[in-house]
Chemist: 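Provided herewith is a single structure, encoded as C-alpha cells, for subsequent inquiry.
Predicted model only: the values in this text are computed from it and were never measured.
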Amino acid sequence: MDRAKDAGTSATPPIDQPSSSQRFCREGPGIVGDGVKVHGTKAYVPQSAWLQMGTVRDNIIFGKDMKKDFYKDVIDGCALSHDIEIWADGDLCVVGQRGMNLSGGQKQRIQLMRVAYSVSDIYILEFLKLFLQKCLMGLLFEKTVFYATHQLEFLGVVDLVLDL
C-alpha cells in the first residue's frame with residue numbers, strides 16, 4: 001500500500017472489536033496489507049481522555065518549547081479558546097487529580113491539542129467528536145492522519161476508508 005504524506009485515512013471498526021487505532025498501534029500497518037512500512041514520528045489520541053496533574057498549558061505543550069503563535073493556533077484549531085477565556089486562570093488553571101474539573105469533551109480537546117502541538121508525522125486518533133473536523137481541516141490538513149470512527153460525517157475529509 002503506497003500512501004502520500006498528506007493522506008487522511010479513516011477506519012470503521014466492528015462494534016465488538018478493539019478499535020482500529022488500538023490494532024494499528026499494536027499490530028502496526030500489517031493490518032492493511034503486506035509490505036507496508038510506517039516512517040516518522042507518531043502521536044496517539046486514545047478514546048479515553050487523560051491529563052497529567054499540572055496546568056492546561058503544561059498538558060498541551062508537554063515539555064516542548066513554548067511557541068506562542070503556534071500555541072494560539074492549536075488552541076483555536078481544537079476549539080478550546082472560549083473555555084480558556086472563561087477560566088479564572090486561563091490556560092494556567094491546574095487540572096488533573098486535584099485540579100479543576102473538566103468535561104470529557106474539554107479533556108479530549110486538550111489531548112488532541114497535545115498531539116497537534118507535538119508536530120508529528122503520523123497522527124492516530126480514536127473516536128473523536130465533531131470538533132475534530134475543524135482540527136483536521138486546519139492544523140492537521142497536510143499530515144497523515146489515521147482515525148477510527150463510526151461517525152460518517154468525517155468521511156468527506158479523508159482520502160481512504162478502511163472497513164475493518
Side-chain angles (χ1 to χ4, degrees), residues 5-13 18-26 38 40-87 89-97 99-162:
K5 181 180 177 188
D6 61 349
T9 302
S10 176
T12 54
S19 77
S20 301
S21 52
Q22 287 173 340
R23 287 184 60 207
F24 186 81
C25 288
R26 185 175 62 244
V38 177
T41 57
K42 295 176 263 327
Y44 172 62
V45 177
Q47 181 177 1
S48 299
W50 62 271
L51 300 175
Q52 288 191 332
M53 179 69 175
T55 66
V56 170
R57 182 182 297 175
D58 292 340
N59 273 278
I60 295 170
I61 65 173
F62 217 60
K64 300 234 182 242
D65 293 333
M66 174 59 129
K67 299 173 186 164
K68 289 187 180 185
D69 291 337
F70 181 57
Y71 180 78
K72 183 176 179 348
D73 290 343
V74 168
I75 288 173
D76 292 343
C78 296
L80 198 70
S81 54
H82 175 72
D83 299 81
I84 289 174
E85 288 172 9
I86 61 174
W87 293 335
D89 294 324
D91 67 344
L92 296 177
C93 285
V94 175
V95 295
Q97 243 179 336
M100 177 176 66
N101 287 329
L102 299 175
S103 71
Q106 290 168 326
K107 289 177 186 176
Q108 201 170 45
R109 282 179 279 173
I110 290 171
Q111 74 174 4
L112 181 59
M113 287 185 278
R114 180 185 313 128
V115 299
Y117 198 84
S118 74
V119 189
S120 297
D121 298 312
I122 300 167
Y123 295 86
I124 304 167
L125 316 173
E126 278 189 12
F127 301 103
L128 298 175
K129 304 291 183 208
L130 206 49
F131 56 79
L132 170 64
Q133 192 162 4
K134 181 178 179 184
C135 187
L136 281 176
M137 296 305 291
L139 293 170
L140 304 179
F141 182 72
E142 294 184 359
K143 299 291 184 172
T144 298
V145 179
F146 178 91
Y147 66 96
T149 185
H150 293 291
Q151 296 175 312
L152 300 179
E153 63 267 17
F154 293 124
L155 299 183
V157 298
V158 300
D159 299 317
L160 175 69
V161 176
L162 301 173

Chemist: So, do Val45 and Arg114 sit near enough that their side-chain heavy atoms are less than 4.5 Å apart?
Modeler: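 No, their side chains stay 4.5 Å or more apart.
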
Chemist: Looking only at heavy atoms, what is the nearest atom pair of Tyr123 and Ala116, with distance?
Modeler: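 Tyr123 and Ala116 have their closest heavy atoms at OH-O, 3.9 Å.
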
Chemist: Can you see which heavy atom on Met100 is nearest to which on Cys93, and at what distance?
Modeler: CE-CB, 3.7 Å

Chemist: For the pair Tyr117 (side chain) and Lys67 (backbone), establish whether a donor and an acceptor sit closer than 3.5 Å, ignoring hydrogens and angles.
Modeler: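 Yes, the answer is positive, given that a donor and an acceptor are paired below the 3.5 Å cut-off.
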
Chemist: Are Asp58 and Gln52 close enough that some pair of their side-chain heavy atoms sits under 4.5 Å apart?
Modeler: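 No, side chains not in contact.
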
Chemist: To the nearest 0.5 Å, tell me how far Leu140 CG sits from Ser120 OG.
Modeler: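 Here the rounded value is 9.5 Å.
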
Chemist: If you compare all heavy atoms of Gly77 against all heavy atoms of Leu139, which two are closest, and at what distance to 0.1 Å?
Modeler: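 Here Gly77 and Leu139 meet closest at CA-CD1, 4.0 Å.
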
Chemist: With a 4.5 Å limit on heavy-atom distance, are the side chains of Asp91 and Thr55 in contact?
Modeler: no

Chemist: What is the distance from atom CD1 of Ile60 to atom OH of Tyr71, rounded to the nearest 0.5 Å?
Modeler: 4.0 Å

Chemist: Take Val119 and Lys143, measure what side chain to side chain contact (heavy atoms under 4.5 Å, CB included) needs, and give me the verdict at the end.
Modeler: CA-CA 9 Å; Val119 189; Lys143 299 291 184 172; 4.1 Å; yes

Chemist: Does any part of the side chain of Phe70, heavy atoms only, come nearer than 4.5 Å to the side chain of Lys64, both counted from C-beta?
Modeler: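 No. Closest side-chain heavy atoms not under 4.5 Å.
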
Chemist: As an exercise, state the distance from CE of Met113 to CZ of Phe62, rounded to the nearest 0.5 Å.
Modeler: 13.5 Å

Chemist: Please round to the nearest 0.5 Å and tell me the distance separating atom OG of Ser81 and atom CD1 of Ile75.
Modeler: 7.5 Å

Chemist: If you measure from CD on Gln106 to CG on Asn101, what distance do you get to the nearest 0.5 Å?
Modeler: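 So the gap between those two atoms works out to 10.0 Å.
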
Chemist: Specify the closest pair of heavy atoms between Ala49 and Lys107, including all atoms of both residues, with the distance to one decimal.
Modeler: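 Scanning both residues completely, I find the closest heavy atoms to be CB-CB, 3.6 Å.
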
Chemist: Heavy atoms, side chains only, cut-off 4.5 Å: are Arg109 and Asp83 in contact?
Modeler: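 Yes; the side chains approach each other to less than 4.5 Å.
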
Chemist: Locate the shortest heavy-atom distance separating Gly40 from Asp121; write the atom from each residue and the value.
Modeler: CA-OD2, 3.1 Å

Chemist: Please identify each residue that fulfils side-chain hydrogen bond (donor to acceptor under 3.5 Å, both in side chains) with Ser48, with sequence neighbours left out.
Modeler: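 Counting only residues at least two positions away or on another chain, Ser48 forms no side-chain hydrogen bond (donor to acceptor under 3.5 Å, both in side chains).
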
Chemist: Could you give the distance from CD (Glu85) to CG (Leu80), rounded to the nearest 0.5 Å?
Modeler: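 CG of Leu80 is found 10.0 Å from CD of Glu85.
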
